[in-house]
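Any value given below was found using the heavy atoms of this structure, including those in side chains, with hydrogens, waters and symmetry copies removed. Whatever order the structure lists them in is the order used to number ligands and atoms, beginning at 1.
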Amino acid sequence: MEKFIINGGKKINGCISVSGAKNAILPILASTLLIKERCVIKNVPKLSDVYTMVDLLKYYGADVEFSDELIIDCSKIENKPPSEKVKEIRASFLIVGALLGRFKSVSMFMPGGCNIGQRPIDLHLKGFNLLGAKSQLESGIIDISTQYLSSGDIYLDFPSVGATENIILASVFAKGVTTIRNCAIEPEIVDMVNFLNKAGAKIKGVGSDTIIIEGVEELKGVEHSVIADRIEAGTFMIATASAGGFLKVENIIPEHIKSIILKLREMEVEIEEGEDFVIVKSSGKTINKDIKTMPYPGFPTDMQAQFSALMAKGCGTGVINETVFENRFMHIGELNKMGANISVEGKVAIIKGVEKLDGAIVKATDLRAGAALIISALSAQGQTEIENIFYIDRGYDCIEKKLSSVGCDIRRVNI
Ligand code: EPZ
């Protein structure tokens, strides 16, 4: 096991280049199951979730080389009984849509819930059913199959990211024209669809709330570079707002982080926007404002924990309304161990900013909660130890190296 040791109080000063987006590479890796030729994917972040997904694809027979680029060939994959590996990450459920699209049947463990919520799959199954597939659940394993996939007109009761991605994957080869209404419009879905369309899929409307998929016969191998991780970019921006200093965040798409930029400006953080970078300047003192998480382009739920760490020592009181997941405040208890004054009532956190936070021994409870603890530790007085940092490695590529390069005192130690 490993932990981070952080000595707070250092100002940030420098430049960080952001890695490729975790939530884009995972559905893109699932998409390669539909392609019987070699694909070359660039700007792939070295995250434990990516290695887990690669291992899962290898289980089904994919050939994968992952060094600077990720080269994958799914020409020889076979349909197989479910692997226990799918239980390690929720995103592995995305291979269900792809295997259904390729083999017209798939058997998979029901994806577990996780700390942040139940994570149901009813919308995924509704989409598969409307494409003609029948699903049956027995002893924790779900079997989904059909003679052939026919087009469907599918309405999502909630713009679920995973359900949108899974139904697209299942319908790429479906006969006719499939429509998905009230779908999610996250940039990572757009990146996955751009990858599929390069390979010969016929998908229109991505980035809007209605996606139209015209079935094709097969896809070709492609080269693709993954978009920048907007959540990683936002995390470093908030770290700077909280610790104080100057940070240039490079290789990003500012359009994807508009809600973060504008919310930070409301909190009186100075932000300059460039074509593929932002510059953050902060005294380390911010003004607390209210936040409500929403599907994209609303304020991202994946930034909620990080903002609560910033607000913990902001001026005044702010309220966070977490509308997307039902249990995404586990980090609050850990922040309060550091002297924060935050109370939680259901899906609402009330944050009364305090003058300073104190270092403590805390535990990451999920990926973004771990990032929040790093942010609070960087600005706290004294030393903080963060345990369970395997959560953080799921979604951040060498976060301690990037932060150390801009003046932070953070190191990874074995325990
Ligand atoms: C994706 O998860 C992301 N993960 C999450 O990022 C992100 O928080 C989430 O989208 C929302 O933006 C990946 O892309 C790998 P959802 P996903 O389906 O697809 C309900 C991170 O930190 N719902 O949009 O699982 C569900 O209960 C991770 O990087 C149903 O009710 O999210 C939740 O309340 C965490 N029925 C809401 O939708 C369904 O069938 C959003 O879930 C599916 C979802």
Side-chain angles (χ1 to χ4, degrees), residues 19-31 45 47-50 52-53 56 86 88-97 110-130 135 142 144 154-170 180 182-192 209 226-227 229-235 256 259-260 293-307 322-328 330-331 347 364-372 391-397 399:
S19 301
K22 167 177 86 78
N23 292 347
I25 182 59
L26 294 175
I28 286 171
L29 285 172
S31 304
L47 304 171
S48 57
D49 272 12
V50 173
T52 301
M53 190 65 129
L56 187 57
V86 298
E88 290 178 29
I89 59 169
R90 158 129 189 122
S92 55
F93 197 70
L94 289 175
I95 69 171
V96 169
M110 281 291 279
C114 67
N115 331 47
I116 63 175
Q118 279 308 305
R119 315 296 289 275
I121 58 166
D122 57 307
L123 298 176
H124 299 241
L125 299 181
K126 172 180 179 181
F128 298 150
N129 183 259
L130 288 167
S135 55
I142 191 155
I144 308 169
I154 299 157
Y155 167 76
L156 292 182
D157 303 80
F158 180 87
S160 154
V161 172
T164 301
E165 291 166 342
N166 239 342
I167 297 165
I168 288 172
L169 292 170
I180 309 173
N182 192 37
C183 56
I185 62 174
E186 271 69 2
E188 295 76 23
I189 301 174
V190 176
D191 201 31
M192 178 192 92
D209 62 7
V226 178
I227 57 168
D229 192 318
R230 60 191 167 101
I231 305 302
E232 186 191 15
T235 301
H256 290 170
S259 62
I260 299 166
T293 66
M294 301 287 284
Y296 191 87
F299 186 89
T301 175
D302 291 349
M303 289 301 303
Q304 179 261 104
Q306 299 91 313
F307 262 86
E322 170 54 70
T323 71
V324 177
F325 287 108
E326 65 269 29
N327 187 29
R328 203 167 194 176
M330 268 77 55
H331 53 287
K347 297 177 90 170
T365 48
D366 65 73
L367 162 54
R368 306 303 173 183
Y391 280 117
I392 301 171
D393 291 333
R394 288 190 47 203
Y396 292 92
D397 187 348
I399 192 166

Open item on the list: If the cut-off is 4.0 Å to any non-hydrogen atom of G162, which atoms of ligand 1 fall inside it?
Closed with: 18 (O), 19 (O)
Open item on the list: Only heavy atoms of F158, strictly under 4.0 Å: list the atoms of ligand 1 that pass.
Closed with: 37 (C), 38 (O), 41 (C)
Only heavy atoms count here, so choose which of [options] is nearest to [atom].
atom: atom 35 (C) of ligand 1; options: M294, R394, R328, E186; result: R328
atom: atom 3 (C) of ligand 1; options: N23, L123, T301; result: N23
atom: atom 30 (C) of ligand 1; options: A184, G127, P120, A21; result: P120
atom: atom 32 (O) of ligand 1; options: F325, F93, Y391; result: F325

For ligand 1, does [X] get within less than 4.0 Å through its side chain, its backbone, both, or neither, judged by non-hydrogen atoms?
X: E165; answer: neither
X: V324; answer: both
X: Q118; answer: neither
X: H124; answer: both
X: A163; answer: neither
X: L367; answer: side chain

Open item on the list: Quick check: closest heavy atoms across F128 and V96, and the distance to 0.1 Å?
Closed with: CE1-CG1, 3.7 Å
Open item on the list: Pairs of nitrogen or oxygen atoms closer than 3.5 Å, one from E326 and one from ligand 1: do any exist?
Closed with: no
Identify, for [atom], the protein heavy atom at the shortest distance, and state residue, atom and that distance.
atom: atom 5 (C) of ligand 1; result: D302 OD2, 3.8 Å
atom: atom 25 (O) of ligand 1; result: R119 NH2, 3.0 Å
atom: atom 12 (O) of ligand 1; result: V161 CG2, 3.9 Å

Task: Close side-chain approach of L26 and K22, heavy atoms under 4.5 Å - done: yes
Open item on the list: Using a 3.5 Å distance criterion without hydrogens, assess whether the side chain of Q306 forms a donor-acceptor pair with backbone atoms of A371.
Closed with: no
Open item on the list: For R90, is there an ion pair with D49 - N to carboxylate O distance below 4.0 angstrom?
Closed with: no
